[in-house]
Number of protein chains: 2
Amino acid sequence: MMTLADIAALAEVSESTASRALRDNPVVNIETRLKVQQIAQQYQFNVNPTARSLRTQKSYTIAVIILFDAKSQQAISDPFLLEILGVIADELTHKGYDMLLSTSKTKDKDWKTYYIDAKRADGLIIIGQGEHDQRIEQLSHSKVPFVVWGASSGHDSFTVVGSQNRSGAEAAVSHLVAQGCKHIAFLGDYRHNEIEQRYLGYQDALQKAGLVLDPAYELITDFTAQDGYVKTQQQLFPLLPKLDGIFAASDAIALGAMKALQEHGVQVPQQLAIAGFDDIAMSAYCSPALTTVKQDTINGGKLLVSKLLQQMDGEQAESELLPVRLLTRQSSARG
Amino acid sequence: MMTLADIAALAEVSESTASRALRDNPVVNIETRLKVQQIAQQYQFNVNPTARSLRTQKSYTIAVIILFDAKSQQAISDPFLLEILGVIADELTHKGYDMLLSTSKTKDKDWKTYYIDAKRADGLIIIGQGEHDQRIEQLSHSKVPFVVWGASSGHDSFTVVGSQNRSGAEAAVSHLVAQGCKHIAFLGDYRHNEIEQRYLGYQDALQKAGLVLDPAYELITDFTAQDGYVKTQQQLFPLLPKLDGIFAASDAIALGAMKALQEHGVQVPQQLAIAGFDDIAMSAYCSPALTTVKQDTINGGKLLVSKLLQQMDGEQAESELLPVRLLTRQSSARG
DNA sequence: GGAACTTTTGCAATCGTTTGCAATATCATT
DNA sequence: AATGATATTGCAAACGATTGCAAAAGTTCC
């Protein structure tokens, strides 16, 4: 392995000059600069990032922390997460940063100590805000650069990027109403930040339509198809005579519910219309295809990265919620 | 931030002794050791990993590289990948390693140079072998510690961990045969290592059953539900009078195919039975539920990590293929 | 030709550890 | 009390870069 000293020797300059030349520091003579760069190229030399980190106190690495749902421990299995993770990875690579991935179980290292103080990372991206996490709140009191994917409270003490969950949900439910649904159930766990917003959007739509909000129609449901299936059987079947619509907080839940209904002989969408949220890959390929709300993962990932880098440059970064898109498919097509 | 020097001063020993004490080196007096450790604890001191890396030339980091399918660029969206990624993350954390994640587009940095030579990582885990990748072959000629998830050729020049794709596929197809299917199509792209094995298993089963192998029944299909849908419409519909079974190389493909068939009025499983591969989350919750083959992601992830660490300890690590499990559900339940 | 700048360069310190080797302390033996 | 082991410690040199500051070289101007 070559070191900077070797390159310097070959170029017949000091290490300092070689170092500056490689960083294209204009203080060194242009010819010298080119010569050093040429030699570095020729010998395929790259500066040792560890040594560089030690000296500059920067790691050129970002830690991405995926929060697990406390009990169910799923989360990384959520296809939506994967998409955005891929985008983030690309963006970071593109900006010259490495990405350290951590799937955080509940009890866990102290992020600031482990990543920032130890110089393992220069900033943090946290995904899956879940139930209000006091670790995030705590981070915001330090000067650690970090961004969170999730729901914005409107006056967060930190930078949040997420989807317009509330208006997206409202659009979906209004669509169900427009299809003639009058008794629409909500499936999801509103103790989860983002789901809470979807729940509020659900209420918004019902209110605008002048429909009653019946607590019996609100089922706390985990993120899984399995729970959508079970809760539907247990708590929705009795309501079936009147029930004519379901808005599920995620596609997985919606598909689980749909399965239960179909087994029970309910016609979807004729007898009951369904809409979900996320547009997972399968949504278009189940029968009937699922009406859903699609999040903008691409811009989401890009924004997370750019806002984080902004913070690392000492600037302020505002929270931002991205528009979503309602995809109407057969599961809600009545009449 | 405290440094080792501070701790040493507090404990009234030299830095060398403090360093050894923290690493529990028996050469230092037990009392001194405890004293230093106690002080370090008290002040929440952690050694700076960058400095340590620089000195020891080890990073305590493993790079996980996810290979993208050249054209379709999906891969990280594959739910199966996410599962195993989660397991790997946990295992590495547990062993005290950090995980650098890279989603590799085709043209890309040279892994050895970027990760190993630059000391960004001590070893590599490569997922998604895909079409035969000469970069992997090339790696095996260096002394870089690495493991690959995928298909074993039986005499690889590197360590592979994967599923028993061939026998798994054979089991699935034999099951279809046992259900009375006589004309079974294969959907998948056998230019992909693992799929090739599934394809061979498909052939094994047909041969054992004394059925003919008809090339017209073999459809090169991408990994997506979409392509399963399209290829089925285009190329399977004409064969429908005789066709009575489909083995898809992935659940996504199977679900796409099933959708096309249902729209076309084909009864599944009565008229045509379907089996897939992977057991993605949706497979149990579509209608009819999909018969499939489940891979052992947990042991897969654990093995990848342990075999990699073995190599890093200078030992040899054999390739290993894990047993899979056939899950029979309604999509193949005939009579 | 020398003063006063402006460019370019290199010296040497620094980032925070680890570790080979030598030095010192401790202890048993004769 | 001197000798030889053995158990503990610390010195100082790495590891491979970056950077403040001063020195050297090159210009300009009178």
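Naming: A, B, ... by sequence-line order, numbering from 1 per chain.
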Every protein N/O within reach of nucleotides 21-27 of chain C N/O, cut-off under 3.5 Å:
none

Completion exercise
Where DNA chain C forms runs of at least three Watson-Crick or G-U pairs (i with j, i+1 with j-1, under 3.5 Å), the stems are C:1-30 with D:1-30

Fill in the blank from the handout: With a 4.0 Å cut-off (strictly under) to non-hydrogen atoms of chain B, the first and last hit nts on DNA chain D, 5' to 3', are dT8(D) to dG16(D)

Practice task
For Ser102(B), check side chain to side chain contact (heavy atoms under 4.5 Å, CB included) against everything at least two apart and list the hits.
Solution key: Ile65(B), Ser104(B), Tyr115(B)

Problem - Within residues 27-38 of chain A: residues closer than 4.0 Å to DNA chain C (heavy atoms) - result: Val27(A), Val28(A), Asn29(A), Thr32(A)

Completion exercise
Across all chains, not counting sequence neighbours, the salt bridge (Lys or Arg N to Asp or Glu O under 4.0 Å) partners of Asp117(A) are Lys112(A)

Practice task
List in numerical order all residues of residues 7-16 of chain A for which some heavy atom is under 4.0 Å away from an atom belonging to DNA chain C.
Solution key: Val13(A), Ser14(A), Ser16(A)

Handout entry: Any residue of residues 39-53 of chain B with a heavy atom less than 4.0 Å from an atom of DNA chain C
Key = Phe45(B), Asn46(B), Val47(B), Asn48(B), Ala51(B), Arg52(B)

Handout entry: Tyr114(B): partners by side chain to side chain contact (heavy atoms under 4.5 Å, CB included), with sequence neighbours left out
Key = Asp98(A), Lys109(B), Arg120(B)

Exercise for the section: Take atom CD of Gln41(B) as the centre, draw a 6.0 Å sphere, and report whether it contains more than 12 heavy atoms from other residues, nucleotides or ligands. Expected result: no

Exercise for the section: Check ring pair (Phe, Tyr, Trp, His ring centres under 6.0 Å) between Tyr43(B) and all other residues, then give those that pass, not counting sequence neighbours. Expected result: none

Hey, can you pull the donor-acceptor pairs under 3.5 Å for the side chains in residues 28-37 of chain A, sequence neighbours left out?
| residue | atom | partner | partner atom | Å |
| --- | --- | --- | --- | --- |
| Asn29(A) | OD1 | Glu31(A) | N | 2.7 |
| Arg33(A) | NE | Val28(A) | O | 3.0 |
| Arg33(A) | NH2 | Val28(A) | O | 3.2 |
| Lys35(A) | NZ | Ala11(A) | O | 3.4 |
| Gln37(A) | NE2 | Ala21(A) | O | 3.0 |
| Gln37(A) | NE2 | Asp24(A) | OD1 | 2.8 |

Give every donor-acceptor pair under 3.5 Å between a side-chain atom in residues 297-309 of chain B and any protein atom, sequence neighbours left out.
| residue | atom | partner | partner atom | Å |
| --- | --- | --- | --- | --- |
| Thr297(B) | OG1 | Glu83(B) | OE1 | 3.0 |
| Asn299(B) | ND2 | Asp296(B) | OD2 | 2.8 |
| Ser306(B) | OG | Lys302(B) | O | 3.3 |
| Ser306(B) | OG | Leu303(B) | O | 3.3 |
| Lys307(B) | NZ | Glu318(B) | O | 2.9 |
| Lys307(B) | NZ | Glu320(B) | OE1 | 3.1 |

